[in-house]
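Notes to accompany the following structure.
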Amino acid sequence: MKFNYLILSWFDRNKRELPWRNTRNPFHIWLSEIILQQTRVDQGKNFYLNFIKEFDTVKDLALADEQKVLKLWQGLGYYSRARNLHYTAQFIDKELNGVFPDSFIELKKLKGIGDYTAAAIASIVYNEAVPAVDGNMFRVFSRYYNIENDISNSQTKKIFWELGLEIIDQKRPGDFNQAVMDLGATICTPKLPKCDICPLNESCEALRLNKVLALPVKTKKIKVTNRFLHFILIKDEDRIALSKREGNDVWKNLYTLPMLETISDLLDHEALIEQSLHLELSFISEEKHILSHQNLFIKYYTLQSQSENITRLRNITDFEWVKLNDIENIPLPKPIEKFINYHFFD
DNA sequence: TATCCGTGGTC
DNA sequence: TGACCAAGGAT
């Protein structure tokens, strides 16, 4: 097939040299695929190198504490990836006798591995001819074949899956999937695509119809909510108070300074907090931290007359004392990491 | 199934 | 500078 020949010969000449290329170690490929979910290569590369430096095998990862895994993941975001990675390593170690599943169907049963990741691992490591339907595949295929289905619609994924099953190279399925991803990341990009040097430019339908930038069609926009978070710095000699975040919310199982949340940005919300909780707070600084779907308006405070207020605070939000020297083992969200580094380590 | 889950880069 | 995007998955 023309598409396969063109993209594979382009891949053979232009593929990026990456740390997880030139290996078919399932643990390494799995780790790289989890790290790269919704994450650029430039951002994930060093995390991959740090992980394999720390964990050489699935068993090494399974035997580690979740906190250590989350600390290595600190700064990468989407922390459920790290929790599921750790959970699945323990599952493989205990329930599968350390044997990595070797088919798309079996891989998909693992926590944190969906259609895309199962196909990527199965094709790259085990030569199974299943298409890796990700954002790149949506873009490259929608443009090349002029597919106008809305990729925001979850039913659209099935159309691309079926098309991928037909097109995927039977002899080199792993290279085919990686070729589509490399082309999508470097040539067939969302903005400023390099159609003039694209190996597919003579047969690309979107280019012929002059609608490259109109594809893929994506209608849904994410809804962003505002949250107002108030973090309280409590220091006692060489220790500070930290709270482990629980429940299904952002930064689950990471640690922050003890926190209060208000539901609106009232002009006098500092005073409101102080009155309702009988805490005397001193403002330190503020910042806006943007998540994919939340704007976090963050303020930092210290407690006045600390000894009188700590007991009251403990009734509202639980916390534990952590020595500053032990912070290096505590997973922290980006804004808390920045705050602590600024005040204690820089 | 629509929504939730991070961070950094780009224009 | 705000909006969009980046090798998605769980619920």
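Just so it is clear: chains get the letters A, B, ... in the order the sequence lines come, proteins before strands, and each one is counted from 1. Since we're looking at a predicted model, the values are computed, not measured.
- With rounding to whole Å, K111(A) atom NZ is found 5 Å from dT11(C) atom P.
- Residue Y87(A) places its OH atom among 12 or fewer non-hydrogen atoms of other residues, nucleotides or ligands, all under 6.0 Å distant.
- Ion pairing between a basic and an acidic side chain is recognised when a charged N comes within 4.0 Å of a carboxylate O; D115(A) and K157(A) show such pairing.
- Across residues 38-62 of chain A, Q38(A), R40(A), V41(A) each have a non-hydrogen atom less than 4.0 Å from an atom of DNA chain C (numbered order).
- Evaluation of the side chain to side chain donor-acceptor pair (under 3.5 Å) test over residues 189-200 of chain A, restricted to residues two or more places apart or in two chains, returns none.
- Nearest to the side-chain atoms of S292(A) among the listed nucleotides dT7(B), dC5(C), dG8(C) stands dT7(B).
- Two residues, W20(A) and I113(A), neighbour DNA chain C, and the one matched to the more 5' nucleotide by heavy-atom proximity is W20(A).
- In this structure, D182(A) pairs ionically with R21(A), as a charged nitrogen and a carboxylate oxygen lie closer than 4.0 Å.
- Contact annotation for I290(A): base contact, defined as any heavy-atom pair under 4.0 Å involving a base atom.
- With W73(A) as the fixed residue, the ring-ring contact (aromatic ring centres under 6.0 Å, His included) test singles out one of Y48(A), F51(A), F47(A): F51(A).
- Separating the CG atom of L76(A) from the P atom of dG8(B) is a distance of 9 Å, rounded to the nearest angstrom.
- Using a 4.0 Å heavy-atom cutoff across all strands shown, R139(A) reaches sugar-phosphate atoms only and no base atom.
- With hydrogens and angles left out, the side-chain atoms of Y300(A) and E287(A) include a donor and acceptor closer than 3.5 Å.
- Salt bridge annotation for R227(A)-E261(A): present, with a cationic side-chain nitrogen under 4.0 angstrom from a carboxylate oxygen.
- Between I222(A) atom CD1 and dG6(B) atom P the separation is 13 Å, expressed in whole Å.
- Heavy atoms of L18(A) sit under 4.0 angstrom from at least one base atom.
- When the side-chain nitrogen and oxygen atoms of H289(A) are compared with OP1 and OP2 of dT7(B), one or more of them lie within a distance under 4.0 Å.
- Spacing between dG6(B) and dT1(C) at atom P, rounded to whole Å, works out to 26 Å.
- Using a 30° and 60° split on the angle between ring planes, F3(A) and F176(A) fall in the tilted class, from 30° to 60°.
- In this structure, W30(A) does not reach the dA7(C) phosphate: none of its side-chain N or O atoms is under 4.0 Å from OP1 or OP2.
- Salt-bridge formation is detected for the pair D236(A)/R239(A): a Lys NZ or Arg NE/NH1/NH2 atom is positioned less than 4.0 Å from an Asp or Glu carboxylate oxygen.
- Each of K191(A) and R227(A) has a nearest nucleotide on DNA chain B; the 5'-most of these lies closest to R227(A).
- Between R81(A) and the phosphate of dT7(B), there is no side-chain N or O to OP1/OP2 separation shorter than 4.0 Å.
- The R21(A) side chain lies nearest to dA7(C) when the options are dT7(B), dA6(C), dA7(C).
- At the heavy-atom level, T117(A) lies under 4.0 Å from the strands shown only through sugar-phosphate atoms.
- The existence of a salt bridge linking K211(A) and E148(A) is confirmed by a sub-4.0 Å separation between a basic side-chain nitrogen and an acidic carboxylate oxygen.
- Rounded to whole Å, atom P of dT7(B) lies 13 Å from atom CH2 of W73(A).
- Distance from the side chain of N136(A) is smallest for dA6(C) among the nucleotides dA6(C), dG9(C), dG6(B).
- Summarising the geometry, the separation between CD on Q74(A) and P on dT7(B) is reported as 9 Å, rounded to the nearest angstrom.
- Between the C1' atom of dG8(C) and the CE atom of M137(A) lies a distance of 15 Å, rounded to the nearest Å.
- dA7(C) and dC11(B): their P atoms are spaced 16 Å apart (whole Å).
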Every protein N/O within reach of nucleotides 1-4 of chain B N/O, cut-off under 3.5 Å:
none

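- Straight-line distance between the P atoms of dT1(B) and dA6(C): roughly 24 Å, to the nearest whole Å.
- A salt bridge links R172(A) with D175(A): the closest approach of a Lys/Arg side-chain nitrogen to an acidic carboxylate oxygen falls below 4.0 angstrom.
- Nearest-nucleotide mapping onto DNA chain B: of G75(A) and L192(A), the residue sitting toward the 5' end is G75(A).
- The distance from atom CD of E33(A) to atom P of dA6(C) is 16 Å, rounded to the nearest whole Å.
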